[in-house]
Enquirer: 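If you scroll down you'll find the structure; I have some questions about it.
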Amino acid sequence: MALQASVSGRLAASCGARQRDGHSLTSSLVAPHGAVAESVALGRQSFLGCTQSLQCSFASGFTPVRRTKRLMTTAVIKRKKDYKLDSVIQREKKLKRVLKIKEILVKQPGQVMSLRELGKHRRYLGLTGKKRIIALLNKYPSVFQVYEEGTNMMYFRFTPQAKKQFREELKLKKEMEDVTVTKLRKLLMMSIDNSIALQKIRHIRRDLGLPDDFATSDFLPRHRQYFKIGTCALGPLLILEEWDATLAVTALEKAAEEKLKARQELEAELSRSLGEEVEEEESVLNRTPRFPKKNLNLPKGQQVKKKDREKLLKFQEVPAISPYGDKSKLDPGSQEAEKASVLVVHELLSLTSEKRILVDHLTHFRRDFKFSQRIRSMLIRHPEYFYVSLKGVRDSVFLREAYEDTELKEKDPLVLLKERMADLVAQGSLDENLDDISDDDDYEDDGEEDDDDGEEDEDDDEWGDEEDDDESVSQVRAQMQRVKVPSAPREIW
């Protein structure tokens with residue numbers, strides 16, 4: 001205490017001496033001698049009993065940086081679980097693994113592959129520990145055939161039903177190529193400079209119905225009147241060759257036009273039933289309510305505070321900028337920018353076949369569509385349009401209006417074909433006593449495999465065709481005899 005009092009006294013004396021000399025406590029930080037300076041009072045500060053008015057000086061022409069308060073664009077909404085939409089993700093766990101195997105198999109000559117080679121893709125398939133490849137394939141006997149060729153050499157291929165569906169898929173994608181090209185053109189039209197890196201588009205190629213090899217095949221050269229290839233920091237850049245104003249119509253605008261058309265048809269039918277023409281200005285359906293009611297299309301059970309509801313209602317009144325309009329000059333923290341982002345996501349989901357997409361895939365397009373850094377929070381703040389599901393390894397965002405309970409209101413032909421494949425997958429396994437293969441998504445990626453080093457994993461030989469695993473081979477042989485799986489030589493399909 002005595003030491004503190006002594007230090008306080010000395011500091012007070014020093015402060016008094018400096019004040020008498022006309023200097024501030026921060027005189028050592030003042031601009032160089034001869035510069036014109038202005039003093040800004042920072043208030044009174046207290047330090048160990050020494051209370052003086054502190055001064056801070058700035059050189060002429062220097063402007064202090066003041067932080068601007070970031071405006072809250074819209075309401076704070078708590079995420080509400082939608083068990084029906086969550087079940088859409090849950091029921092596709094087995095199908096996703098089958099589609100991964102299919103992706104590997106179709107790249108092989110004749111669509112035939114040895115189990116040893118498939119074992120090199122264990123991580124991509126999500127197999128961990130001692131889970132065996134042969135047990136995984138036998139869980140889906142309606143999709144894959146396992147057969148023996150040579151001495152203890154096991155191969156697998158598509159069943160006739162799965163091979164037929166694969167051919168139908170190729171044929172359907174060929175027939176829908178014009179539709180797919182239109183989707184790709186609209187995607188580029190929504191970007192800031194009408195160009196997107198091919199690496200980013202590859203993440204959502206299946207959502208748009210694009211072929212897996214669209215970037216390396218002759219798909220883009222066949223449509224050179226619409227696209228050209230450039231370069232950017234991420235590699236090849238897909239550039240829109242020609243802007244088409246007829247395509248700059250959003251799904252929301254089309255829905256409004258269809259609704260108006262249906263109402264006009266109803267009025268015409270009403271006038272015919274009455275036997276007289278109904279004047280448009282006198283039509284009951286066309287009358288504007290004197291006191292229009294503002295509604296929010298919130299999902300059932302969604303609880304929103306009164307102040308947040310008012311913010312959502314005010315957000316609806318914010319002027320809308322078309323997803324195909326110029327968004328380059330928008331302030332990232334403004335309501336207009338968030339409204340533009342909401343409309344872009346809505347339009348992008350409308351272009352996908354299943355009206356949903358991984359949230360991670362949206363983050364790849366932040367600069368292209370001028371999304372905020374917190375795009376996931378933005379999606380949750382607008383439950384009237386979107387639902388973010390936390391099922392699976394990565395989050396997915398749904399377009400609410402496109403779903404009725406767990407089903408799409410309008411199904412794309414590719415979705416119908418995918419559902420047929422899901423029916424094949426659901427037909428069960430050959431033997432319930434086989435090794436249990438977990439259907440959890442132990443590993444998930446964008447549909448792209450890691451580059452193989454040429455070295456096999458330690459677990460790659462656990463598929464069951466090694467000499468020290470003769471019991472497993474005998475078991476498979478007995479199973480193949482029961483189901484009469486042919487052991488013919490390899491075919492070229």
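From a predicted model like this one, the values you see are computed outputs, not experimental measurements.
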Enquirer: Just so I know, are the side chains of Ile101 and Ile133 near enough to count as touching, which here means a heavy-atom distance under 4.5 Å?
Expert: no
Enquirer: Parallel, tilted or perpendicular: which fits the ring planes of His346 and Tyr385, with parallel below 30° and perpendicular above 60°?
Expert: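 Because their plane-to-plane angle is over 60°, the rings of His346 and Tyr385 count as perpendicular.
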Enquirer: Side chains of Gln108 and Tyr155: donor-acceptor distance under 3.5 Å anywhere?
Expert: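 No.
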Enquirer: Where the side chain of Lys173 meets the backbone of Pro211, is there a donor-acceptor pair that is under 3.5 Å apart?
Expert: no
Enquirer: Is a donor on one side and an acceptor on the other found under 3.5 Å between the side chain of Arg309 and the backbone of Lys306?
Expert: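 No, the answer is negative, given that no donor and acceptor are paired below the 3.5 Å cut-off.
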Enquirer: Checking the side chain of Lys327 only, and the main-chain atoms of Phe371 only, is there a donor and an acceptor separated by less than 3.5 Å?
Expert: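 Checking the backbone N and O of Phe371 against the side chain of Lys327, no donor-acceptor pair under 3.5 Å is found.
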Enquirer: Does the plane of the ring in His382 sit parallel, tilted or perpendicular to the ring in Phe315? Use 30° and 60° as the thresholds.
Expert: tilted
Enquirer: Start with the C-alpha gap between Leu105 and Phe144, add the side-chain angles, then the distance that decides, and say whether side chain to side chain contact (heavy atoms under 4.5 Å, CB included) holds.
Expert: CA-CA 10 Å; Leu105 184 58; Phe144 305 112; 4.3 Å; yes
Enquirer: Is Lys391 reaching over with its side chain to a backbone N or O of Ser87, donor-acceptor style, under 3.5 angstrom?
Expert: no
Enquirer: Between Ser350 and Leu399, is there a side-chain heavy-atom distance shorter than 4.5 Å?
Expert: yes
Enquirer: Can you see which heavy atom on Arg91 is nearest to which on Thr406, and at what distance?
Expert: NH2-O, 3.2 Å
Enquirer: Can you name the nearest heavy-atom pair linking Pro323 to Thr250, along with the distance?
Expert: CD-CG2, 3.5 Å
Enquirer: Got Pro383 and Lys80 here, is their nearest side-chain heavy-atom distance under 4.5 Å?
Expert: no
Enquirer: Can you classify the ring geometry of His223 versus Phe227 as parallel (below 30°), tilted (30 to 60°) or perpendicular (above 60°)?
Expert: perpendicular
Enquirer: What are the two closest non-hydrogen atoms of Phe398 and Ser389, and how far apart are they?
Expert: CE1-CB, 3.8 Å
Enquirer: Has Glu347 got a side-chain atom pairing as donor or acceptor with Ala251's backbone, closer than 3.5 angstrom?
Expert: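 At least one qualifying donor-acceptor pair exists.
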Enquirer: Please say whether more than 12 non-hydrogen atoms of neighbouring residues, nucleotides or ligands are located less than 6.0 Å from CZ in Arg367.
Expert: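 It does not: Arg367 CZ has 12 such atoms or fewer within range.
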Enquirer: Between Glu419 and Lys411, is there a side-chain heavy-atom distance shorter than 4.5 Å?
Expert: yes
Enquirer: Would you say the side chain of Glu103 lies within less than 4.5 Å of the side chain of Tyr124, judging by non-hydrogen atoms?
Expert: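 A side-chain contact under 4.5 Å exists here.
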Enquirer: Any donor-acceptor pair under 3.5 Å linking the side chain of Lys96 with the backbone of Ile89?
Expert: no
Enquirer: With side chain to side chain contact (heavy atoms under 4.5 Å, CB included) as the test, would you mind laying out the steps for Asn194 and Ile239 before giving the verdict?
Expert: CA-CA 6 Å; Asn194 299 332; Ile239 304 173; 5.9 Å; no
Enquirer: Please report the shortest heavy-atom distance between Arg222 and Gln225, naming the atom on each side.
Expert: O-OE1, 3.8 Å
Enquirer: For a side chain to side chain contact (heavy atoms under 4.5 Å, CB included) with Cys232, tell me which candidate from Leu237, Leu238, Leu198 qualifies.
Expert: Leu237
Enquirer: Would you say Thr182's side chain and Asp178's backbone share a donor-acceptor pair under 3.5 angstrom?
Expert: yes
Enquirer: Applying the side chain to side chain contact (heavy atoms under 4.5 Å, CB included) criterion to Arg167, which one of Gln165, Lys171, Lys163 satisfies it?
Expert: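 With Arg167 as partner, side chain to side chain contact (heavy atoms under 4.5 Å, CB included) holds for just one option, Lys163.
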Enquirer: As a quick check of understanding, evaluate side-chain hydrogen bond (donor to acceptor under 3.5 Å, both in side chains) for Arg157 and Gln111, giving each step before the final call.
Expert: CA-CA 6 Å; Arg157 61 192 179 192; Gln111 285 81 53; over 6 Å; no
Enquirer: For Val318 versus Lys339, what's the shortest heavy-atom pair and its separation?
Expert: O-NZ, 2.8 Å
Enquirer: Answer yes or no: is there a donor N or O on one side and an acceptor on the other, between the side chain of Arg79 and the main chain of Val388, under 3.5 Å?
Expert: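 Checked: pair present.
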Enquirer: For a quick test of reading the model, state the closest non-hydrogen atom pair linking Gly126 to Arg97 and the distance between them.
Expert: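 Answer, listing the atom of Gly126 first, then Arg97: O-NH2, 3.7 Å.
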Enquirer: Quick one: does Leu115's side chain get under 4.5 Å of Phe156's, heavy atoms only?
Expert: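 The answer is yes; the side chains approach within 4.5 Å.
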Enquirer: Any sub-3.5 Å donor-acceptor pair from Asp405's side-chain atoms to Glu407's backbone N or O?
Expert: no
Enquirer: Under a 4.0 Å N-O cut-off, is there an ion pair linking Glu92 with Arg356?
Expert: yes
Enquirer: Taking the side chain as every heavy atom from C-beta outward, state whether Glu257 and Leu260 have any atom pair closer than 4.5 Å.
Expert: no
Enquirer: Between the side chain of Arg185 and the main-chain N/O of Leu240, is any donor-acceptor distance below 3.5 Å?
Expert: no
Enquirer: Is the closest side-chain heavy-atom distance between Arg206 and Asp212 below 4.5 Å?
Expert: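 In contact.
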